[in-house]
Number of protein chains: 2
Amino acid sequence: MHQTTIIDIAKALCISKSTVSRALTGHPNVNAKTRDRILDMAAQVDYQRNQLAISLLTNRTSTVGIMVPEFISFFFPKVIIGAQEELARSGYNVVICHSNESYETEVANAKALLASRIDGLIVSHTKETRNFDHFRSFQRKGIPVVFFNRVCEDMDVSKVTVDDYHGAFQAVEHLIQTGRRRIAHLSGPDTLMNSRSRLAGYHDALTKHGLPIAPELIISYDLNLDKANIYVNHLLNLPNPPDALFTINDPTALEALSVAKRRGLCVPDELAIVGFSDDPVSALIEPGLTTVSQPVHELGQQAAQVLLRQLLTEDNTFVAERVVLPTKLIIRGSTVQTSTNSY
Amino acid sequence: MHQTTIIDIAKALCISKSTVSRALTGHPNVNAKTRDRILDMAAQVDYQRNQLAISLLTNRTSTVGIMVPEFISFFFPKVIIGAQEELARSGYNVVICHSNESYETEVANAKALLASRIDGLIVSHTKETRNFDHFRSFQRKGIPVVFFNRVCEDMDVSKVTVDDYHGAFQAVEHLIQTGRRRIAHLSGPDTLMNSRSRLAGYHDALTKHGLPIAPELIISYDLNLDKANIYVNHLLNLPNPPDALFTINDPTALEALSVAKRRGLCVPDELAIVGFSDDPVSALIEPGLTTVSQPVHELGQQAAQVLLRQLLTEDNTFVAERVVLPTKLIIRGSTVQTSTNSY
DNA sequence: CTGTTAGCGCGTTCAC
DNA sequence: GTGAACGCGCTAACAG
């Protein structure tokens with residue numbers, strides 16, 4: 001099937017394709033009457049410009065790639081929407097990829113994005129990623145890269161995150177201030193910098209308040225939810241079990257809450273639980289989940305803005321930016337007994 | 001910034017670009033030695049083929065567009081993943097668009113997808129869409145379109161849905177069989193065919209069991225969750241309020257559950273509630289939400305498979321397919337008193 | 001086995 | 001104002 005081109009329009013009107021091109025792009029030097037005839041004909045044949053040809057010519061696609069490890073949780077879709085709104089405002093299209101937490105898929109996606117000549121990349125890497133050469137390719141070719149959420153420390157590119165360290169610190173301090181003394185931490189894989197930052201915050205909060213670091217209370221896991229309940233049960237089976245649990249994210253905390261319920265444990269009295277990210281579910285369940293909320297939409301906006309600034313910088317004078325957004329502790333029933341049960 | 005091309009490689013090796021092209025595409029007629037030199041050089045300069053040029057040449061992008069009204073809920077992302085897996089297997093890339101439930105955005109996205117010369121489109125339209133000309137453009141240009149979930153009745157294209165009618169029928173029948181007699185329905189906008197089908201199922205289930213249709217118990221709304229609680233409260237304030245509520249989707253049902261709790265109503269005894277889609281949250285809250293589950297992942301797979309079949313049909317012999325997947329009623333505490341409270 | 005040529009659709013010179 | 005010619009990067013047909 002043949003899509004109508006400017007040549008088709010030119011032939012139909014017995015004029016040159018240059019004139020058609022000029023009329024269609026709004027060039028001033030076109031006779032008003034011929035312009036109208038061209039525009040009419042274009043509408044009549046439902047002409048759509050071939051972006052491929054234009055991109056090949058201009059060496060710009062006006063397309064930005066966004067790659068995330070998954071988009072089943074609320075988090076990444078919301079970031080994507082924030083970024084997309086911002087990019088659309090500046091005339092950029094977006095292609096979304098998800099690596100499905102697989103390093104190989106991530107590399108394959110990166111190659112495909114490179115081949116499709118995107119103008120920039122916004123990315124949060126997989127939990128498996130240790131080698132970042134596939135992202136360095138973009139840098140070498142002069143295509144701006146912005147990391148968000150899960151960032152690569154070793155690359156000199158812009159990075160947008162929340163203050164994971166402080167969020168975790170606050171969460172643990174809240175547990176200490178409400179009387180907990182044996183606080184466990186179900187952490188993420190150490191490939192993720194945000195996981196390491198949250199662990200550091202946990203660590204320092206305990207230290208600040210003179211509590212010992214108990215290695216048996218710190219478990220790092222691969223975020224595979226099926227395993228979360230194994231680890232929670234393991235912690236609760238310890239001879240000296242924890243009285244509180246701080247988890248890497250909300251899904252893990254919800255899993256822990258469910259395990260606690262099944263074991264007949266009273267939350268928050270016997271076990272307090274704090275998550276991270278303020279998943280919408282956390283406000284709906286009972287007891288509500290205390291959690292560290294992050295400005296998710298803004299995360300996407302900021303990532304897009306940083307990228308746009310770099311895209312607008314003609315020469316190579318752009319220096320990588322580092323944006324850190326604030327977190328906020330949301331206190332709910334999983335750490336503090338609520339006065340009334342609304343049900 | 002210049003991206004390396006086959007010409008750069010050709011020059012560096014003092015050979016013609018055709019030979020480079022042949023070596024890179026795996027053409028057999030290349031001397032093994034020169035092939036190795038070319039491949040080495042390509043790896044060394046981190047050559048990435050320019051997909052734009054190839055697409056322009058072949059008039060195929062190997063890219064499929066997927067447009068959805070939103071992707072904050074679990075539903076659309078899961079459909080997209082199902083479709084993407086299937087399409088990737090056949091070597092197709094995917095660009096994801098969301099129209100944000102805005103007709104204008106949908107039209108703009110359609111134009112952009114047309115300009116970027118996608119090979120096919122998988123789409124669920126917005127709740128505002130009454131005019132489908134922007135989708136007919138694809139059809140006219142020979143680009144296959146597959147609707148899913150929210151389908152356009154008037155277009156002769158493939159459609160993949162679940163059995164909304166039967167799912168709703170079963171849900172309402174379940175309410176009747178558990179003793180409810182005044183069953184309300186919070187329905188979606190009548191622009192959505194799945195909403196109309198569910199309403200019809202509700203209607204026929206009542207009729208089959210000799211129950212009257214009470215117009216005051218049927219409310220159609222625009223899916224804007226902020227308004228859901230207004231309508232639920234309105235229903236519960238009626239002189240003769242409903243003893244059960246069947247909603248167009250789970251978020252609406254969850255909102256209703258929350259309103260019932262706030263009013264001190266006992267669910268399921270004083271008000272039974274049934275949703276649609278089996279949102280993951282529905283299993284987590286208390287009481288659990290009875291709901292009509294749909295095979296979400298399979299919905300995406302099927303949509304992709306139908307599209308792929310059409311993409312493979314060379315001539316215009318392809319006839320539009322109509323796929324209807326089964327639904328399944330999941331019974332939980334919001335309609336049937338559960339024996340134990342696990343907490 | 002390899003080089004030359006043409007052309008995909010478009011915008012952009014440069015003449016006229 | 002308008003048309004002819006060129007080239008973006010690549011593959012495919014045709015010669016050699």
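Proteins come first, then strands; the chains are lettered A, B, ... in the order of their sequence lines, and each starts at number 1. The structure displayed is predicted, hence computed values, not measured ones.
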Exercise: do B:S102 and B:S99 side chains pair donor with acceptor under 3.5 Å: no

Between protein and nucleotides 10-16 of chain D, map the contacts as a letter string: B base, S sugar-phosphate only, - none, heavy atoms under 4.0 Å, written 5' to 3'. BBBB---

Assess the side chains of B:H2 and B:D8: does a donor N or O sit below 3.5 Å from an acceptor N or O? yes

Length of the line joining A:R60:CZ and C:dG11:P, which is rounded to integer Å: 14 Å

Give the rounded distance in Å between these two atoms: CG of B:N59 and C1' of C:dG9. 10 Å

If I compare all heavy atoms of B:C152 with all of B:H125, which pair ends up nearest, and what's the gap? N-CD2, 4.4 Å

Base, sugar-phosphate or nothing for B:N31? Non-hydrogen atoms, less than 4.0 Å. sugar-phosphate

Please report, rounded to the nearest Å, how far the C1' atom of C:dC1 is from the CZ atom of B:R37. 14 Å

Test item: side-chain donor near acceptor, A:R322 and A:T161, under 3.5 Å: yes

Answer yes when A:R150 and A:E101 have at least one side-chain N-carboxylate O distance shorter than 4.0 Å, and no when they do not. yes

Is A:T61 reaching over with its side chain to a backbone N or O of A:R117, donor-acceptor style, under 3.5 angstrom? yes

Value in whole Å for how far the C1' atom of C:dC10 lies from CD1 of A:I9: 12 Å

What nucleotide, of D:dG9, D:dT2, C:dC1, holds the atom closest to the side chain of B:N29? C:dC1

Roughly how many Å is it from CG in B:L52 to C1' in C:dC8, rounded to a whole number? 13 Å

Once you apply a heavy-atom cut-off of 4.0 Å, does A:T34 come out as touching a base, just sugar-phosphate, or nothing? sugar-phosphate

What is the separation between atom NZ on A:K33 and atom P on D:dG1, rounded to the nearest whole Å? 14 Å

Between the side chains of B:E128 and B:T191, is a donor N or O closer than 3.5 angstrom to an acceptor N or O? no

Just to be sure I understand the rule, does B:I15 reach a base, reach only the sugar-phosphate, or reach nothing, if contact means heavy atoms closer than 4.0 Å? sugar-phosphate

In whole Å, I'd like the distance from the CD1 atom of A:I38 to the P atom of D:dG1. 13 Å

End-to-end axis angle, where each axis spans five pairs of the helix from C:dC1-D:dG16 to C:dC16-D:dG1, to 10°: 50°

Could you tell me if B:S137 and A:D46 have a donor-acceptor pair between their side chains, going purely by distance under 3.5 Å? yes

Ring geometry between A:F135 and A:F138 (parallel below 30°, tilted from 30 to 60°, perpendicular above 60°): tilted

